[in-house]
Protein chains: 2
Amino acid sequence: MSKLIDPACAPHDHTARPTAPPVRPGAIERAAGIFRAMGDAPRLRLLTILGQGEACVTEIAAAEGEDLSTISQRLRVLRNEGLVSRRRNGKHILYGLADQHVADLLFNALAHASEGRADLSRFASLVPATPTKKE
Amino acid sequence: MSKLIDPACAPHDHTARPTAPPVRPGAIERAAGIFRAMGDAPRLRLLTILGQGEACVTEIAAAEGEDLSTISQRLRVLRNEGLVSRRRNGKHILYGLADQHVADLLFNALAHASEGRADLSRFASLVPATPTKKE
DNA sequence: CTAACAGTTGAACAGTTCATCAAGTGTTCC
DNA sequence: GGAACACTTGATGAACTGTTCAACTGTTAG
């Protein structure tokens, strides 16, 4: 072994590095909230379903084999973070992804999780072509 | 599993669509784990710090005004999900973002959280140019 | 009007997670 | 070798989260 004292990591002068975060403080808390909402497998699966198109609660519950209430609670968490849209259609309430940003986030994470984009081709129908544009 | 339109749900209101998830099952659990790890403000702030370049634990702890152990624990969670890299340099252990995918995820979420990418300009040094790109 | 359907909300319990402390490993320097 | 530094790890308790049940709102049909 050789001497490898890193000059970038000085013994006692660590405060040289910018202490300030690269974005304004509120954004991090907000982003963390978004991630927390997506950080649950059942909820994330829900988002991928909505990524295929709008769906009502009953429909989702049937597809997932879950209780209406359970699905509604999950949707509430997602809605609190502004990740899904909601509109009424007769007796039904249709949910969908809030915007393209959410779809991008979803796509990116699944791409990273798959460690290979082969399986994502089926998901591509969700995302048109240019992911991040305007809202 | 080719189709499953709920009979209890008004047929005329629903457009027929596949019930099957768009990605293979494992990916969702994995992506949820990633989101869960990022779904905590202190941990997310840590990632943005690492996004600016590698840093050792002492350095981070000083910047955050936190305990060494606390930072180490946070890093462990991130490391368990493969979000950060680790390498030894003398007495120090340098952490950094695992790959570009993580940086993209970070960028995208902060962009969505900021509801406008003006503030992200300072963060741009982290990512090349376009946040989400098809590979 | 009432009945039935579609969905929401509040409360309670179980399970999980985060920060703190104390004790441990690995590395460099004397 | 041993002391000092730079982390890591396990355990503990407080705080949070997710599911379930029951009661509630709103809509449509008869």
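FYI, side chains are in, hydrogens and waters are out, and symmetry mates aren't considered; it's all heavy atoms of this structure. So you know, we letter chains A, B, ... as the sequences are listed, proteins then strands, and number each from 1. Just so it is clear, the structure is predicted and the values come from calculations on it, not from any experiment.
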Asker: If only side-chain N and O atoms of B/Ser72 are considered, is one of them under 4.0 Å from the OP1 or OP2 phosphate oxygen of D/dC7?
Answerer: no
Asker: What nitrogen or oxygen pairs link the protein and nucleotides 23-30 of chain D at under 3.5 Å?
Answerer:
none

Asker: Would you classify A/Arg43 as touching base, sugar-phosphate or nothing, given that sugar-phosphate means primed atoms plus P, OP1 and OP2, and contacts are heavy atoms under 4.0 Å?
Answerer: sugar-phosphate
Asker: Supply the atom-to-atom distance A/Thr70 OG1 to A/Ile60 CD1, rounded to the nearest 0.5 angstrom.
Answerer: 12.5 Å
Asker: Assuming nearest nucleotide by heavy-atom distance, tell me which of B/Arg79 and A/Arg36 is located more 5' along DNA chain D.
Answerer: B/Arg79
Asker: Which whole-number value in Å describes the distance from B/Glu59 CD to D/dA6 P?
Answerer: 12 Å
Asker: Any sub-3.5 Å donor-acceptor pair from A/Arg43's side-chain atoms to A/Arg36's backbone N or O?
Answerer: yes
Asker: Verify the contact: side-chain N or O of B/Tyr95 to OP1 or OP2 of D/dT8, cut-off strictly under 4.0 Å; return yes or no.
Answerer: yes
Asker: Any chance you could lay out the side-chain contact (heavy atoms from CB on, under 4.5 Å) test for B/Val57 and B/His92, step after step, and finish with the verdict?
Answerer: CA-CA 8 Å; B/Val57 182; B/His92 297 274; over 6 Å; no
Asker: Test side-chain contact (heavy atoms from CB on, under 4.5 Å) on A/Leu75 and A/Ile71 and set out the steps.
Answerer: CA-CA 6 Å; A/Leu75 285 168; A/Ile71 300 298; 3.9 Å; yes
Asker: Taking only N/O atoms, report every protein-nucleotides 20-22 of chain C pair under 3.5 Å with atom names and distance.
Answerer:
from, atom 1, to, atom 2, distance (Å)
C/dT20, OP2, B/Thr70, OG1, 3.3
C/dT20, O4, B/Gln73, NE2, 3.1
C/dC21, N4, B/Ser69, OG, 2.8

Asker: Describe the nucleic acid contact of A/Arg86 in one word from base, sugar-phosphate, nothing, applying a heavy-atom distance below 4.0 Å.
Answerer: sugar-phosphate
Asker: Could you pull out all residues at least two apart from A/Arg79 that satisfy side chain to side chain donor-acceptor pair (under 3.5 Å)?
Answerer: none
Asker: Consider only side-chain heavy atoms of I, L, V, M, F, W and Y, link residues closer than 4.5 Å, and tell whether A/Val77 and B/Met38 are in one cluster.
Answerer: no
Asker: For B/Leu68, which contact category applies under a 4.0 Å heavy-atom criterion: base, sugar-phosphate, or nothing?
Answerer: base
Asker: If you only use heavy atoms from C-beta on, which nucleotide in D/dT8, D/dT19, C/dT9 is closest to the side chain of A/Pro42?
Answerer: D/dT19
Asker: Do the side chain of A/Asp99 and the main chain of A/Val102 share a donor and acceptor less than 3.5 angstrom apart?
Answerer: yes
Asker: Counting C-beta onward and ignoring hydrogens, is there a side-chain heavy-atom pair between A/Ile93 and A/Arg87 closer than 4.5 Å?
Answerer: no
Asker: Between atom CG in B/Asp40 and atom C1' in C/dT16, what is the gap in whole Å?
Answerer: 13 Å
Asker: When you measure from the side chain of A/Arg45 to the backbone of A/Leu47, do you find a donor-acceptor pair of N or O atoms at a distance under 3.5 Å?
Answerer: no
Asker: In whole angstroms, how far is the P atom of D/dT8 from the CG atom of B/Leu78?
Answerer: 12 Å
Asker: I need the CZ-P distance between B/Arg87 and D/dA6, as an integer number of Å.
Answerer: 17 Å
Asker: Let me know the distance between CD1 of A/Ile93 and P of C/dC5, rounded to the nearest Å.
Answerer: 17 Å
Asker: If we ignore hydrogens and angles and just use 3.5 Å, is the side chain of A/Glu59 paired with the main-chain N or O of A/Cys56 as donor and acceptor?
Answerer: yes
Asker: For the pair made of CG in A/Leu75 and C1' in C/dT9, what is the distance, rounded to whole Å?
Answerer: 14 Å
Asker: Would you mind reading off the distance between B/Leu94 atom CG and C/dG26 atom P, rounded to a whole angstrom?
Answerer: 19 Å
Asker: In whole Å, what is the span from the CZ atom of A/Arg76 to the C1' atom of C/dA11?
Answerer: 12 Å
